[in-house]
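What you see below is based on every heavy atom in this structure, not just the backbone, and it leaves out hydrogens, waters and symmetry mates. It should be emphasised that the depicted structure is a prediction, and the values quoted were computed from it without experimental measurement. As the structure lists them, so they are numbered: ligands from 1, and atoms in each ligand from 1.
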Amino acid sequence: MHTVSPGQAKPMVQLEDLMQSVAEHKGCGTTGGSGKASCGSSAGEGDMPPEIWEKVKNHPCYSEEAHHHYARMHVAVAPACNIQCNYCNRKYDCANESRPGVVSEKLTPEQAAKKVLAVASTIPQMTVLGIAGPGDPLANPEKTFKTFELISKTAPDIKLCLSTNGLTLPDHVDTIHKFNVDHVTITINMVDPEIGAQIYPWVFFNHKRYTGIEGAKILTERQLQGLEMLTERGILCKVNSVMIPGVNDKHLVEVNKAVKSRGAFLHNIMPLISAPEHGTVFGLNGQRGPSAQELKALQDSCEGEMNMMRHCRQCRADAVGLLGEDRSAEFTTDKIMAMDVNYDLSSRQAYQAKVEVERQSKVAAKEAELETLAGETSDIKILVAVATKGQGLINEHFGHAKEFQVYELSAQGSKFVGHRRVDLYCQGGYGEEESLDEVIRAINDCHAVFVAKIGGCPKDDLKKAGIDPVDQFAFEFIEQSAIAYFKAYLDKVKSGEIEHVSRGDASIRQGAFIAAE
Ligand code: CLF
Ligand code: SF4
């Protein structure tokens, strides 16, 4: 998405201003191709054709399971944009796929290529390079494709990924194919121009500015045409949609159908992040974002044959690292240019082979635990929150967690359904009551919170709020532990030791809002 600065929030911006201003589109907008079940979920190798598995197995956005192990990076080579979104402030990075916040350092294609080699040498599990802004990559085609060209020559093992608003996509599909860009994200927020007019004040197309319904009509036609052209060529497409309560929330079910029928591989419905200090039209109008519960309900209602991405972190246009972590400060232009880069393909491959062994042992442990639920017919579902630093392990202290991953547990097993950002509870050695309240609010639809360690006071407060603090699975695999916990929970319910109480509505009542940053 892109965000809008106060000045640029006004509809009448000249193209020259537009091209010079630093439009900041962060993130991705890909749709994907082949229709078969895949990867926002924890679908694995047996669930899809081998050629699709090859494309998604180590892409952290296209595979929920891969995101625990593999990293992506973005290079901010695309400053300009050709549309205006009401959730975008051009002072900041594009909101299509990132949260408003910090202005990225703009790079030339040559600087970007050096940065990719520097990161690939330092972080061997970095497998994907995405161009996602800070404007629209296809409003800056020369820089975008020059970057891809340089990287495909120097680091051929890295997957190339692109995120766009889709306005000029049909014009670039052949070039995207030529450069072996296998993953494209299109941000599609509507297929009805009347709704589009509430989101996009204008689009700039064929040297002319179009406003209102007329502009939105052009945009939706071009987006859907581009999606069809990509999927015809076997390019995996993901669609990102920003959920804007009262504007397009109900309509996104229609969007889901429209993109699914055109071959999109994955749909990523993201929450609007909106606050007055972002200076966006929506932020200044008081447009709210959805609660975590509202977002999950919409994602659930769209989940059918097409997988829904639930693990998106709305990352910046210069993000580096595992999803949810940001190592971009280690790779500023000054630091990169001073680095002695040694890109060694064989050591990267050796490291990734070890990652695969780790990953397989995690999958095997989950499968084995799942067998304990065989024949289980209960329709009970519960959510659990998990403090983790990655690798699919419960390996974070409660007080150090900046976010909790949320899993839904049922007789079918465990499913990742989202994450909740929170302020650190532990501030320099002692807890902050306000932060603890915030944590409890954020996870109050969960029955339990799994942690590596937790102090006595927060433990008591969590219990009082009806949330079970669980540290018995410290440093063990998340999903294996969660299934074991759920099995024990069901056994206790059946024996009458405890009564199952649904906590599903609690977050709506008490407002477990997704934290806007
Ligand atoms: Fe980047 Fe996007 Fe490629 Fe991923 S991000 S261009 S597909 S490599 Fe990923 Fe970030 Fe969410 Fe985007 S977590 S904002 S979905
Ligand atoms: Fe901002 Fe353009 Fe991205 Fe929209 S498409 S969020 S206006 S940079």
Side-chain angles (χ1 to χ4, degrees), residues 1-5 8-9 13 18 21-32 39-40 56 59-64 66-67 70-75 78-100 126-140 158-168 181-189 199-204 219 223 236-240 242 265-270 272-273 280-282 309-326 419:
M1 311 190 245
H2 301 199
T3 42
V4 190
S5 70
Q8 288 159 326
V13 181
L18 171 64
S21 73
V22 180
E24 308 201 82
H25 181 132
K26 307 176 191 182
C28 41
T30 35
T31 51
C39 272
V56 304
H59 193 307
C61 303
Y62 281 69
S63 165
E64 189 277 310
H67 98 276
Y70 292 103
R72 54 75 184 101
M73 69 175 292
H74 291 160
V75 286
C81 193
N82 46 12
I83 69 174
Q84 181 64 65
C85 307
N86 278 336
Y87 47 70
C88 178
N89 181 338
R90 292 173 196 284
K91 258 166 62 181
Y92 302 115
D93 283 341
C94 169
N96 269 335
E97 170 158 293
S98 61
R99 57 189 181 274
M126 191 280 286
T127 47
V128 175
L129 166 76
I131 299 184
D136 184 76
L138 297 181
N140 305 261
I158 291 178
K159 288 185 163 71
L160 304 177
C161 196
L162 173 69
S163 168
T164 176
N165 62 39
L167 182 64
T168 64
V181 179
D182 269 342
H183 302 78
V184 176
T185 296
I186 312 169
T187 299
I188 301 182
N189 296 321
I199 303 170
Y200 305 103
W202 54 262
V203 309
F204 197 91
L219 182 61
Q223 289 173 331
L236 279 193
C237 292
K238 168 164 74 65
V239 168
N240 280 2
V242 182
F265 177 73
L266 190 58
H267 194 187
N268 174 23
I269 299 182
M270 309 180 294
L272 172 73
I273 296 176
T280 63
V281 169
F282 283 150
M309 181 178 184
R310 313 258 190 166
H311 61 285
C312 176
R313 299 305 161 86
Q314 293 173 277
C315 37
R316 293 168 38 158
D318 59 357
V320 174
L322 293 169
L323 301 192
E325 77 174 6
D326 185 7
H419 63 279

[X] side chain near [Y] side chain, heavy-atom distance below 4.5 Å:
{"X": "C161", "Y": "H59", "result": "yes"}
{"X": "M270", "Y": "N240", "result": "yes"}
{"X": "L266", "Y": "L236", "result": "no"}
{"X": "T127", "Y": "K159", "result": "no"}

Proximity of D136 to ligand 2 by residue part, where a heavy atom lies under 4.0 Å: neither
Below 4.0 angstrom from a heavy atom of [X], which ligand 2 atoms are there? Numbered from 1 as shown, please.
{"X": "N165", "value": "5 (S)"}
{"X": "C85", "value": "4 (Fe), 5 (S), 6 (S), 7 (S)"}
{"X": "C81", "value": "2 (Fe), 5 (S), 7 (S), 8 (S)"}

Subset of ligand 1 atoms that lie under 4.0 Å from at least one heavy atom of [X]:
{"X": "C312", "answer": "11 (Fe), 13 (S), 14 (S), 15 (S)"}
{"X": "C161", "answer": "3 (Fe), 6 (S), 7 (S), 8 (S)"}
{"X": "H74", "answer": "1 (Fe), 5 (S), 6 (S), 8 (S)"}
{"X": "R313", "answer": "11 (Fe), 13 (S)"}
{"X": "C315", "answer": "5 (S), 10 (Fe), 13 (S), 14 (S)"}
{"X": "L323", "answer": "13 (S)"}
{"X": "V128", "answer": "8 (S)"}

Test item, Q314 contacting ligand 1 (heavy atom, 4.0 angstrom):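 Yes, Q314 has a heavy atom closer than 4.0 Å to ligand 1.
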contact_flag M309 ligand 1 heavy-atom lt 4.0 Å: yes
Donor-acceptor contact below 3.5 Å, side chain H74 vs main chain R316: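 The answer is yes, because a donor-acceptor pair under 3.5 Å joins these two groups.
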Polar side-chain atom of N140 near backbone of A80 as donor-acceptor pair, under 3.5 Å: yes
From CA spacing to verdict: side chain to side chain contact (heavy atoms under 4.5 Å, CB included), I131, V75: CA-CA 6 Å; I131 299 184; V75 286; 4.0 Å; yes
Donor-acceptor pair between D136 and T164 side chains, under 3.5 angstrom: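 There is such a pair between these side chains.
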Flag for Y87-N189: side-chain donor and acceptor within less than 3.5 Å: yes
Backbone or side-chain N/O/S of C61 under 2.8 Å of atom 4 (Fe) of ligand 1: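 True for C61.
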